[in-house]
2 protein chains.
Amino acid sequence: MKKNQFEIGCETCNIRLHSVFHVLDEAQVKSLSLQKSCAVYKKGQYIFNEGGIPSGLFCVNSGKIKLAIVGYDGKEQILRLAKAGDILGYRALISNERYHSSAIALEDTSLCIIDKQYFFSQLEQEPKLMLEVARKMSADLKKAEEHIVSLSQKNVRERLAEALLFLKATYGLQDDKSTINVKLTREEIADYIGTSTESCIRLLSEFNQDGIIELHGKSIKIINLSLLIRTANIED
Amino acid sequence: MKKNQFEIGCETCNIRLHSVFHVLDEAQVKSLSLQKSCAVYKKGQYIFNEGGIPSGLFCVNSGKIKLAIVGYDGKEQILRLAKAGDILGYRALISNERYHSSAIALEDTSLCIIDKQYFFSQLEQEPKLMLEVARKMSADLKKAEEHIVSLSQKNVRERLAEALLFLKATYGLQDDKSTINVKLTREEIADYIGTSTESCIRLLSEFNQDGIIELHGKSIKIINLSLLIRTANIED
DNA sequence: GCTAGAACATGATATTTATCATGTTTTAGT
DNA sequence: ACTAAAACATGATAAATATCATGTTCTAGC
């Protein structure tokens with residue numbers, strides 16, 4: 001982690017408009033801008049660690065981040081994925097606990113840090129902000145519970161298809177309108193869907209052979225979206 | 001659902017002190033008491049339904065409730081378990097969505113209903129209440145994410161042991177200090193840990209033979225707690 | 001641009017778990 | 001108290017998935 005040379009004020013930050021802080025008024029944004037600091041992280045670096053004590057809230061400016069827990073046998077479980085505009089570390093902060101997961105940069109990332117005390121004072125003063133944070137948490141809870149149903153009731157093939165759709169929904173597509181806009185290792189995909197790396201690789205190859213996707217290194221191009229959706233067995 | 005004949009005011013409700021509403025002052029409690037209504041549900045009845053539109057917040061007065069989703073093949077997935085003092089339906093309410101799961105009474109249950117508009121007005125006026133609700137959601141999110149790790153990385157035996165410990169932590173023990181204070185069918189336990197009913201039954205029998213538990217109908221008595229903990233492979 | 005380590009790939013095998021089948025016991029409703 | 005349905009139980013088998021093994025291809029750092 002190092003200080004970002006290129007940091008700008010929150011007043012001119014477009015990302016803010018897509019974050020929980022879009023509800024703040026001009027004066028509140030000015031105040032926020034004075035309090036916040038910025039940092040950049042290289043791909044692979046830890047932003048915070050499982051068991052660490054939160055000192056503030058992170059707001060992603062650019063880059064992609066995974067939130068993961070290391071299980072008892074050393075296997076990683078990916079819980080959430082974050083992108084520009086997302087806040088990080090809010091759960092531990094609100095319940096006044098240590099982090100129960102780690103945040104790791106999936107690519108070079110820059111983010112802002114808002115001091116814990118300041119954040120809480122803003123939450124108290126601005127119910128709209130508190131509600132925004134609650135809505136973010138609500139969305140994460142819903143995703144987590146859908147993940148539970150998936151892990152519990154679907155087979156690996158369905159889960160993989162669902163995960164690819166989730167990655168598409170989260171990070172969108174590249175300019176070609178078909179390549180998923182994030183690069184994960186096969187192991188990371190496996191760590192999200194709860195399977196072995198080998199099974200994940202095998203099934204990606206199968207999807208490739210079945211004409212559902214095309215593999216170009218870590219880039220995954222969706223060739224047949226409707227077939228992918230059918231493979232995922234989505235009910236809603 | 002029918003109106004509870006025996007409803008009391010929030011002022012004298014001891015359960016309130018163990019709920020998110022413990023932060024309210026005397027005037028707020030009086031106001032709440034005037035707004036709330038009460039209802040009782042028989043075992044097996046639905047309190048709300050997946051896809052339904054929330055009209056208010058539920059606060060459990062007595063009884064036990066499961067929150068569950070029905071998967072695409074008709075199999076139920078139990079997501080959360082609620083008891084006296086817990087609030088229900090807050091997630092959908094806060095994110096202004098339909099319910100994504102159903103709430104079903106596990107035994108005869110009585111609960112209070114707080115109107116949606118009134119609840120939101122109280123949230124805005126009392127940041128402490130909002131923070132309490134956020135903390136409740138934070139706790140549920142943490143549990144959900146631990147559930148994900150468990151489903152993803154543990155085998156059925158470990159998950160069953162973990163589930164029994166979870167039931168113990170959630171509903172406590174009976175007066176004998178060893179029988180888990182909730183009665184679930186084998187199918188419901190299976191629906192929580194994400195396995196088939198048969199596998200769940202088989203493993204409970206095994207636990208019985210191994211001297212970890214004793215089975216008395218739907219009552220489960222923990223005989224060897226430390227062995228149960230070891231079987232669950234808990235890291236923290 | 002070389003090289004070691006990581007990531008990817010695929011086959012063979014073992015293990016876990018689901019499914020099917022069948023019978024018994026418990027429970028809830030008349 | 002009786003009876004049908006649900007829940008429980010257990011064995012046999014099938015299917016899904018992990019694990020092990022081995023080789024290839026990328027990729028980051030010197």
Side-chain angles (χ1 to χ4, degrees), chain A residues 42-45 66 71-78 104-108 150-161 163 182-210 213-220 231 233, chain B residues 42-45 66 71-78 104-108 150-161 163 182-210 213-220 231 233:
Chain A
K42 284 270 171 202
K43 177 178 172 176
Q45 279 192 303
K66 63 175 172 181
Y72 65 105
D73 53 352
K75 189 172 158 62
E76 202 171 73
Q77 175 62 44
I78 296 183
I104 304 149
L106 289 169
E107 52 186 53
D108 294 358
S150 178
L151 285 166
S152 194
Q153 303 198 353
K154 291 189 172 181
N155 62 35
V156 178
R157 189 180 173 86
E158 292 167 326
R159 295 209 299 277
L160 177 58
V182 63
K183 287 183 181 181
L184 297 175
T185 65
R186 309 292 195 254
E187 188 177 7
E188 283 169 330
I189 298 173
D191 287 346
Y192 179 77
I193 64 177
T195 190
S196 65
T197 308
E198 293 96 326
S199 292
C200 182
I201 290 171
R202 234 183 286 272
L203 283 166
L204 281 172
S205 299
E206 272 185 41
F207 282 12
N208 191 355
Q209 277 159 31
D210 296 349
I213 59 171
E214 256 176 35
L215 298 167
H216 302 284
K218 296 199 197 334
S219 290
I220 298 170
T231 304
N233 238 323
Chain B
K42 286 267 172 206
K43 177 177 173 177
Q45 279 192 304
K66 64 175 172 183
Y72 66 105
D73 54 350
K75 189 172 158 63
E76 201 172 72
Q77 174 63 43
I78 296 184
I104 303 150
L106 290 169
E107 52 186 54
D108 293 359
S150 179
L151 284 166
S152 194
Q153 302 199 353
K154 292 189 173 183
N155 62 34
V156 179
R157 189 181 173 84
E158 292 167 326
R159 295 209 298 278
L160 176 59
V182 64
K183 287 182 181 181
L184 297 175
T185 65
R186 309 291 195 254
E187 189 177 6
E188 282 170 329
I189 298 174
D191 287 345
Y192 178 78
I193 65 178
T195 190
S196 65
T197 308
E198 295 95 324
S199 292
C200 181
I201 290 171
R202 235 183 285 272
L203 282 165
L204 281 172
S205 300
E206 272 184 43
F207 283 12
N208 191 355
Q209 278 157 32
D210 296 348
I213 59 171
E214 257 176 35
L215 297 167
H216 302 284
K218 295 199 198 333
S219 291
I220 298 170
T231 304
N233 239 324

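Within every chain, numbering begins at 1; the chains are lettered A, B, ... in the order of the sequence lines, protein sequences first and strands thereafter.
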Practice problem: Taking only the side-chain nitrogens and oxygens of A/Thr197, find out if one of them lies under 4.0 Å from OP1 or OP2 of C/dA7. | Solution: no

Practice task
Respond yes when some side-chain nitrogen or oxygen of B/Ser205 is under 4.0 Å from OP1 or OP2 of D/dC8, and no when none is.
Solution key: no

Taken in chain and number order and not counting sequence neighbours, the residues that satisfy side chain to side chain donor-acceptor pair (under 3.5 Å) with A/Glu158 are A/Asn233, B/Tyr72

Those residues at least two apart in sequence (or on a different chain) that pass side chain to side chain donor-acceptor pair (under 3.5 Å) with B/Arg157 are B/Glu206, B/Asp210

Each nucleotide of nucleotides 20-30 of chain D classed B (base within 4.0 Å of a protein heavy atom), S (only sugar-phosphate) or -, in 5' to 3' order, makes B----------

Taking salt bridge (charged side-chain N to carboxylate O under 4.0 Å, His left out) as the test, write out the residues that go with [X], two or more places apart.
X	value
A/Lys183	none
A/Glu214	none
A/Arg186	none
A/Glu76	A/Lys66

Rounded to 10°, the helix from C/dG1-D/dC30 to C/dT30-D/dA1 deviates from straight, judged by its five-pair end axes, by 70°

(message) Within the 4.0 Å heavy-atom criterion, would you say A/Thr185 contacts the bases, only the backbone, or no part of the nucleic acid?
(response) sugar-phosphate

Return all side-chain donor-acceptor pairs below 3.5 angstrom for residues 189-199 of chain B, not counting sequence neighbours, or 'none' if the list is empty.
residue  : atom : partner  : partner atom : Å
B/Asp191 : OD1  : B/Lys75  : NZ           : 3.2
B/Ser196 : OG   : B/Ser199 : N            : 3.2
B/Ser196 : OG   : B/Ser199 : OG           : 3.0

